[in-house]
Visitor: 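My questions all concern the structure below.
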Amino acid sequence: MKQLRMAVIGSGQIAQVTHIPNYRSMEEVEIAGICDTRIEAARSAAEKFGIKHYYDSHRKMLEELKPDAVTVCVPNKFHCRIVLDALEAGCHVFCEKPPAITVEEAVSMENAAKRKGKLLSYGFHFRSSSQVSFLKNRIEKGYMGEIYHTEVKWNRRRGIPGWGCFTNKEIQGGGPLIDIGAHMLDCALYLLDYPEISYVCAAKSSRIGKQESIGLMGGWDPEKFTVEDGLFGFVGFKNGTSLELQTAFAINQKERDARSVKLYGSKEGADLFPLELYGTEDGQLTDRQFPFMEMKDWHMDADRNFVQACMGRSRLLAAAEQGTYVQRVLCALYESADTGMPVIMK
């Protein structure tokens, strides 16, 4: 295959700011068409980026254009149906994270990809960073020893998105956990290599989102705020490793935005974003920083990896089964937070 014919479903911000410009910069990709349920939005995006074909029906686009691959950029509620349709049409699929809203949906998507012999990947772009790659290699070589605890955080002081459907549970499936927290959680689980889960427990809050309406990312309607504004959880794994998670759209902290993945190993510890290592050498405590580690466009790296994998030139970095694992953890955290009880994983 000399060129990959890509179709884009959904013409919102993530499509226009990230994926379409990225694909347009790749000589091996042709953007064959774009679809949006609002035909005027599809037309506008097509004219802006010089895309010849536009539609308001993804099924019609798949039938008429027969693309090689599809990038899905729609709200979470609609991921599963569109991904299944694209796989059935014989396309490789890159779907924005999270995989879906339920575990059952994620499993059905993974099984469909296997049945059709097609690639299915998700937009967990933080794992594309050189920092994560460096640390993954270090863990696999045993330099950190046994990883026994991980702390995952993405908190915003007042960062409730004031646009789109980010505060609508029916459409999104949740708030910061399924949005920003999922990225840090994915990084940690990728580095831990997806150990078998024993139990999950969590608590959540919506106190700020339901009483205020103005923040650092626009305003929202507190009466229509149906997601959590913060969720705090714990995951215990059967190998003895544990994971602590904090994620919030709005929390009374000093920092505007605080994100990190901390790993504690028997030989050394690590912190991501930025990368630092903590250990000992010759009887002395040592801290190592990496100020010259390249900070590239991780969205571009994720898109390029998907394209190269579709063309048989690279291994897929974020595979379907890994997305299903992340979905299981997300849903278990929400279940525990909703019921106030731990979830024992089978």
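Numbering starts at 1 and runs along the sequence shown. Below, each value reflects all heavy atoms present in this structure, side chains not excepted, and no hydrogens, waters or symmetry copies.
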Visitor: Atom CD of residue position E281 - does it have more than 12 heavy atoms of other residues, nucleotides or ligands inside 6.0 Å?
Guide: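 No - once you tally the heavy atoms of other residues, nucleotides and ligands closer than 6.0 Å, there are 12 at most.
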Visitor: Could you walk me through whether Y54 and I39 pass the side chain to side chain contact (heavy atoms under 4.5 Å, CB included) check?
Guide: CA-CA 8 Å; Y54 59 89; I39 191 64; 3.7 Å; yes
Visitor: Looking at D229 and K204, does any basic side-chain N land under 4.0 Å from a carboxylate oxygen?
Guide: no
Visitor: Do D271 and Y278 have side chains that get closer than 4.5 Å, going by heavy atoms?
Guide: yes
Visitor: Linking I/L/V/M/F/W/Y whenever their side-chain heavy atoms sit closer than 4.5 Å, directly or via other members, would L333 and F234 fall into one cluster?
Guide: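 Unlinked, L333 and F234 end up in two clusters.
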Visitor: Walk me through it: do K97 and V326 pass the test side chain to side chain contact (heavy atoms under 4.5 Å, CB included)?
Guide: CA-CA 10 Å; K97 64 83 202 154; V326 174; over 6 Å; no
Visitor: Minimum heavy-atom separation for N155 to K153, with atom names?
Guide: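 Smallest heavy-atom distance, with atoms named: ND2-CG, 3.7 Å.
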Visitor: Can you confirm whether E40 is buried at CD, in the sense that more than 12 heavy atoms of other residues, nucleotides or ligands lie under 6.0 Å from that atom?
Guide: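 More than 12 heavy atoms, drawn from other residues, nucleotides or ligands, come within 6.0 Å of this atom.
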Visitor: For a quick check under 3.5 Å, do S128 and D301 share a side-chain donor-acceptor pair by atom type?
Guide: no
Visitor: For E110 and T324, test the side chains for any donor-to-acceptor distance below 3.5 angstrom and give the result as yes or no.
Guide: yes
Visitor: Is any side-chain heavy atom of P98 closer than 4.5 Å to a side-chain heavy atom of Q327?
Guide: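 A side-chain contact exists here, since the closest heavy-atom pair is under 4.5 Å.
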Visitor: In Å and rounded to the nearest 0.5 Å, what is the OG1 to NZ distance from T167 to K224?
Guide: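 Nearest 0.5 Å value for the OG1-NZ distance: 9.0 Å.
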Visitor: Quick one, E96 and V72 - any side-chain contact, counting heavy atoms below 4.5 Å?
Guide: no
Visitor: CD1 of I20 to OG of S11: how many Å apart, nearest 0.5 Å?
Guide: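 Here the rounded value is 7.5 Å.
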Visitor: Any chain of hydrophobic side-chain contacts (each under 4.5 Å) joining F134 to I147?
Guide: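 Result: yes, single cluster for both.
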Visitor: Is there a donor in the side chain of E28 and an acceptor in the side chain of Q3, or the other way round, less than 3.5 Å apart?
Guide: no
Visitor: Between A113 and L120, what is the shortest heavy-atom contact and its length?
Guide: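 It is CB-CB, 3.8 Å.
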Visitor: Any ion pair linking E321 and K114 (charged N to carboxylate O, less than 4.0 Å)?
Guide: no
Visitor: Under the salt bridge (charged side-chain N to carboxylate O under 4.0 Å, His left out) criterion, do R59 and E63 qualify, and how do the steps go?
Guide: CA-CA 6 Å; R59 292 189 178 95; E63 181 181 352; over 6 Å; no
Visitor: Tell me if a side-chain donor or acceptor on E105 pairs with a main-chain N or O of I101 at a distance below 3.5 Å.
Guide: yes
Visitor: Please indicate whether E196 has more than 12 foreign heavy atoms, meaning atoms of other residues, nucleotides or ligands, lying under 6.0 Å from its CD.
Guide: no
Visitor: So how far is it from T286 OG1 to L277 CG, rounded to the nearest 0.5 Å?
Guide: 8.5 Å
Visitor: Under 6.0 Å from the six-membered ring centre of Y190 and within 45° of its axis: does the NZ or CZ of R127 meet both?
Guide: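 Yes, R127 and Y190 form such a contact.
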Visitor: Between the side chains of T71 and Y23, is a donor N or O closer than 3.5 angstrom to an acceptor N or O?
Guide: yes
Visitor: Could you check whether any side-chain N or O of T339 sits under 3.5 Å from a backbone N or O of M341, counting only pairs where one atom can act as donor and the other as acceptor?
Guide: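 The answer is yes, because a donor-acceptor pair under 3.5 Å joins these two groups.
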Visitor: Among F237, Y122, Y194, which residue satisfies the ring pair (Phe, Tyr, Trp, His ring centres under 6.0 Å) criterion with Y325?
Guide: Y194
Visitor: To the nearest 0.5 Å, what is the distance between CD (E30) and NZ (K52)?
Guide: 9.0 Å
Visitor: Counting N and O atoms only, with roles assigned by atom type, does the side chain of H149 sit under 3.5 Å from a partner on the main chain of Y264, one being a donor and the other an acceptor?
Guide: no
Visitor: Would you call D68 and R5 a salt bridge, using N to O less than 4.0 angstrom?
Guide: no
Visitor: Assigning hydrophobic clusters by single linkage (Ile, Leu, Val, Met, Phe, Trp, Tyr; side-chain heavy-atom cutoff under 4.5 Å), is L135 placed with F290?
Guide: yes
Visitor: May I ask you to test the K118-C91 pair for a side-chain heavy-atom distance under 4.5 Å?
Guide: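 The answer is no; the side chains never approach within 4.5 Å.
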Visitor: Roughly how far, to the nearest 0.5 Å, is CD1 of I9 from OG1 of T37?
Guide: 11.5 Å
Visitor: Start with the C-alpha distance between N137 and S133, add both sets of side-chain angles, then the distance that settles side chain to side chain contact (heavy atoms under 4.5 Å, CB included), and finish with yes or no.
Guide: CA-CA 6 Å; N137 184 59; S133 177; 5.8 Å; no
Visitor: If I compare all heavy atoms of L317 with all of Q322, which pair ends up nearest, and what's the gap?
Guide: O-OE1, 3.3 Å
Visitor: Could you go step by step and tell me if R156 and E255 meet the salt bridge (charged side-chain N to carboxylate O under 4.0 Å, His left out) rule?
Guide: CA-CA 7 Å; R156 294 173 178 163; E255 304 90 347; over 6 Å; no
Visitor: Do side-chain atoms of T226 reach the backbone of K169 as a donor and acceptor pair under 3.5 angstrom?
Guide: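 The answer is yes, because a donor-acceptor pair under 3.5 Å joins these two groups.
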Visitor: Find out if a path of hydrophobic residues (ILVMFWY) with successive side-chain heavy-atom gaps under 4.5 Å connects I251 to L185.
Guide: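 Unlinked, I251 and L185 end up in two clusters.
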Visitor: Taking the side chain as everything from C-beta on, heavy atoms only, tell me whether M184 gets closer than 4.5 Å to L245.
Guide: no
Visitor: Would T18 and H299 count as a side-chain hydrogen bond (donor to acceptor under 3.5 Å, both in side chains) if you check the C-alpha gap in whole Å, the side-chain angles of each, and the deciding distance to 0.1 Å?
Guide: CA-CA 7 Å; T18 299; H299 276 293; 4.5 Å; no
Visitor: For the residue pair K48 / Q16, report whether a side-chain donor-acceptor contact shorter than 3.5 Å exists.
Guide: yes
Visitor: Should we say atom CG of L216 is surrounded by more than 12 heavy atoms from elsewhere, each under 6.0 Å from it?
Guide: yes
Visitor: Any idea which heavy atoms bring G175 and Y334 closest together, and the distance?
Guide: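 Closest heavy-atom pair between G175 and Y334: N-OH, 3.2 Å.
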Visitor: Determine which pairs satisfy ring pair (Phe, Tyr, Trp, His ring centres under 6.0 Å) with at least one residue from residues 26-45, sequence neighbours left out, and list them in order.
Guide: none
Visitor: Has the side chain of D36 got a donor or acceptor atom that lies under 3.5 Å from a matching backbone atom of A42?
Guide: no
Visitor: What residue among D179, T247, D257 forms side chain to side chain donor-acceptor pair (under 3.5 Å) with W154?
Guide: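 Of the listed options, the one satisfying the test is D257.
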Visitor: Check the side chains of R158 and Q253 for a donor-acceptor pair under 3.5 angstrom, ignoring hydrogens and angles.
Guide: no
Visitor: How close do I34 and I51 get, counting heavy atoms only, and between which atoms?
Guide: N-CG2, 4.1 Å
Visitor: Run the side chain to side chain contact (heavy atoms under 4.5 Å, CB included) check on S108 and C80 step by step: do they pass?
Guide: CA-CA 8 Å; S108 70; C80 183; 3.6 Å; yes
Visitor: Under 6.0 Å between ring centres: does that hold for F126 and F273?
Guide: yes
Visitor: Do you know which two heavy atoms are closest between V227 and S206, and how far apart they sit?
Guide: O-CB, 3.6 Å
Visitor: With E64, which of K60, M61, K66 fulfils side-chain contact (heavy atoms from CB on, under 4.5 Å)?
Guide: K60
Visitor: Any side-chain heavy atom of W163 sitting closer than 4.5 Å to one from W220?
Guide: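 Contact flag for W163/W220 side chains = no.
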Visitor: Closer than 3.5 angstrom, by distance alone: can the side chain of S266 be matched with the main-chain N or O of G145 as a donor-acceptor pair?
Guide: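 No; judged by distance alone, with no hydrogens or angles, the pair does not exist.
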Visitor: Taking L272 as the starting point, is it possible to reach Y143 by hopping between hydrophobic residues whose side chains are less than 4.5 Å apart?
Guide: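 No, because Y143 and L272 fall into different hydrophobic clusters, even though each may have its own neighbours under 4.5 Å.
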Visitor: Could you check if a side-chain atom of H19 sits within less than 4.5 angstrom of a side-chain atom of I14, using non-hydrogen atoms only?
Guide: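 Yes, close enough: below the 4.5 Å cut-off.
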Visitor: For residues Q308 and N305, determine if any side-chain heavy atom of one lies less than 4.5 Å from a side-chain heavy atom of the other.
Guide: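 Sidechains of N305 and Q308: no contact.
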